[in-house]
Amino acid sequence: MEFFTYRLPNGIRGIHRQVKSNVAHCALVINAGTIHATTLRGDFPRAAELIADVAFRSTFPERELEREKEVIADEINTYKDSPADLIYDTFEDMLFAGSELGHNILGRKNALARYDGEAIRAFTGRTHTTDQMVFSSIGNFSAKTAEAVAARYFAGQAASARGFGRVAPAPCAAFEKTVVKHTHQTHCIIGNRAYGIGEEKRLPLALLINILGGPCANSLLNVVVREKNGLSYNIEASYTPYSDSGIVAIYFSSENGNTAQCIDLIEGELHRLRTTPLTARQLSMAKKQFIAQLAISSESNEGYMLGAGKSFLTHDDVDTMEQVYAKVRALTAAQLTEVAEEVFSGMSRLIYK
């Protein structure tokens, strides 16, 4: 996937001269899940045409592949030199071992060397099917204009359907592993499998993770580990849902001698969330903060556009922000305690030191 993502912008060079002109009129961003562009209103049709070219008419010239392989190999080496990044993927590989989720998206250099244009074209033909795509746009133009532009550049694409599905990951026993990396700091992840994108409990879990280790200074882990005890500069919690599973992860780095105390403090907070419901005031404040964060994030047009597109692709619907806020306000302390008991029990752990 990483090789394909790198090759995609260069793969359009074999289409037509107009592509380079279109690139000059917008900011094109490509990653493993989306192709999106930011442009002035008058250049919206050019941006849509460019996205269509990239998605459906990339050619992947053979002469450029070797150069790009060197770039990606360098990124793989750089990634290995960053334990704070590497530990996440290693932990996820272990948590989903034996399943299709248990693979690093960067891949390995020996596999990279085997890829050619034919392999990439086969990959896009297998995965870039129209039933797995949605065109999402936001800007100072009418819905009629958006529909007309989308029809102009996408309606002629033949319908296609994905002919494969991922097998749901089998249950995995909890594990604890320490890897000697000779790093200046200890890096640690404590985590577990969690709910998939279609499960109702994903929202209370998202709120719970925000309370535990969200981006605000008053998160439980930041207060107890960093502010009160000064044991870690960087501690955070995250929740990533997939189609049929998910992952929660608590990450921290610390001096080698402080690792055990950090783990004890984290496990203490997890135990309290599993056994002691939040008070009415605690829950109310947590909801207000979470809603405020959602409101701020929705002010980013790009973020809102991407979120709406992903929601429609996954749920065939897009909630308004008020509907989202109402769902958050309806959550109860009992729901959060139930979710904490299910997700925060039997956690796994990986340490780099």
Side-chain angles (χ1 to χ4, degrees), residues 29 31-38 44 47-48 51-52 55-56 101 127-155 157-166 168 193-210 214 238-248 286-332 335-336 338-339 342-343:
V29 179
N31 58 36
T34 61
I35 306 168
H36 65 277
T38 302
F44 173 54
I51 290 173
F56 299 115
L101 286 174
T127 60
H128 274 208
T129 52
T130 58
D131 67 324
Q132 300 294 316
M133 295 183 180
V134 63
F135 182 75
S136 175
S137 61
I138 186 170
N140 187 21
F141 47 77
S142 67
K144 184 178 180 180
T145 297
E147 290 172 3
V149 169
R152 186 188 313 165
Y153 296 111
F154 296 94
Q157 181 66 31
S160 56
R162 182 169 292 183
F164 67 94
R166 187 176 67 231
R193 292 189 187 178
Y195 310 118
I197 192 67
E199 298 186 57
E200 292 295 328
K201 290 182 179 180
R202 72 183 187 281
L203 184 58
L205 178 57
L207 175 58
L208 198 59
I209 290 297
N210 199 62
S238 61
Y239 164 47
T240 305
Y242 303 126
S243 61
D244 50 11
S245 186
I247 180 172
V248 293
K287 289 178 181 179
K288 289 180 179 178
Q289 185 174 63
F290 193 44
I291 288 172
Q293 291 169 326
L294 293 173
I296 292 170
S297 66
S298 71
E299 292 182 355
S300 165
N301 284 340
E302 180 180 296
Y304 187 81
M305 176 198 68
L306 293 173
K310 291 176 182 178
S311 177
F312 191 81
L313 185 63
T314 304
H315 306 292
D316 200 29
D317 193 16
V318 180
D319 285 341
T320 66
M321 293 309 298
E322 286 302 326
Q323 288 174 316
V324 175
Y325 301 157
K327 290 179 180 180
V328 173
R329 294 187 183 103
L331 296 175
T332 67
Q335 285 178 291
L336 267 62
E338 177 185 356
V339 166
E342 291 178 358
V343 178

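This is a predicted model, so every value here is computed, not measured. Nothing fancy with the numbering, it's 1 onward along the sequence.
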Quick one, [X] and [Y] - any side-chain contact, counting heavy atoms below 4.5 Å?
| X | Y | answer |
| --- | --- | --- |
| Tyr153 | Ile51 | no |
| Asn210 | Tyr239 | no |
| Thr130 | Phe154 | no |
| Arg329 | Ile291 | yes |

Ignoring hydrogens and geometry, is there a side-chain-to-backbone donor-acceptor pair from [X] to [Y] under 3.5 Å?
| X | Y | answer |
| --- | --- | --- |
| Lys201 | Glu338 | no |
| Arg162 | Thr127 | yes |
| Ser297 | Leu294 | yes |
| Arg202 | Ile197 | yes |
| Ser136 | Leu306 | no |
| Gln132 | Thr129 | no |
| Ser311 | Asp317 | yes |

Atom CD of Glu200 with >12 non-hydrogen neighbours under 6.0 angstrom: no
Got a second to check how far [X]'s [atom1] is from [Y]'s [atom2], nearest 0.5 Å?
| X | Y | atom1 | atom2 | result |
| --- | --- | --- | --- | --- |
| Thr38 | Asn301 | OG1 | CG | 9.0 Å |
| Glu199 | Ser245 | CD | OG | 8.0 Å |
| Ile138 | Ser300 | CD1 | OG | 8.5 Å |
| Thr240 | Ile247 | OG1 | CD1 | 7.0 Å |
| Met133 | Gln157 | CE | CD | 7.5 Å |
| Tyr304 | Met321 | OH | CE | 7.0 Å |

Nearest non-hydrogen partners of [X] and [Y], listed with the distance:
| X | Y | value |
| --- | --- | --- |
| Leu207 | Leu331 | CD2-CD1, 3.7 Å |
| His315 | Gly198 | CE1-CA, 4.4 Å |
| Ala48 | Val149 | CB-CG1, 3.4 Å |
| Ile209 | Val248 | CD1-CG1, 4.1 Å |

Side chain to side chain contact (heavy atoms under 4.5 Å, CB included) partners for Leu313, two or more places apart: Val134
Set of salt bridge (Lys or Arg N to Asp or Glu O under 4.0 Å) partners for Lys327, sequence neighbours left out: Asp319
Parallel, tilted or perpendicular: rings of Phe141 and Phe44 (30°, 60°): parallel
Test side chain to side chain contact (heavy atoms under 4.5 Å, CB included) applied to Thr34 and Lys310, step by step: CA-CA 9 Å; Thr34 61; Lys310 291 176 182 178; 4.0 Å; yes
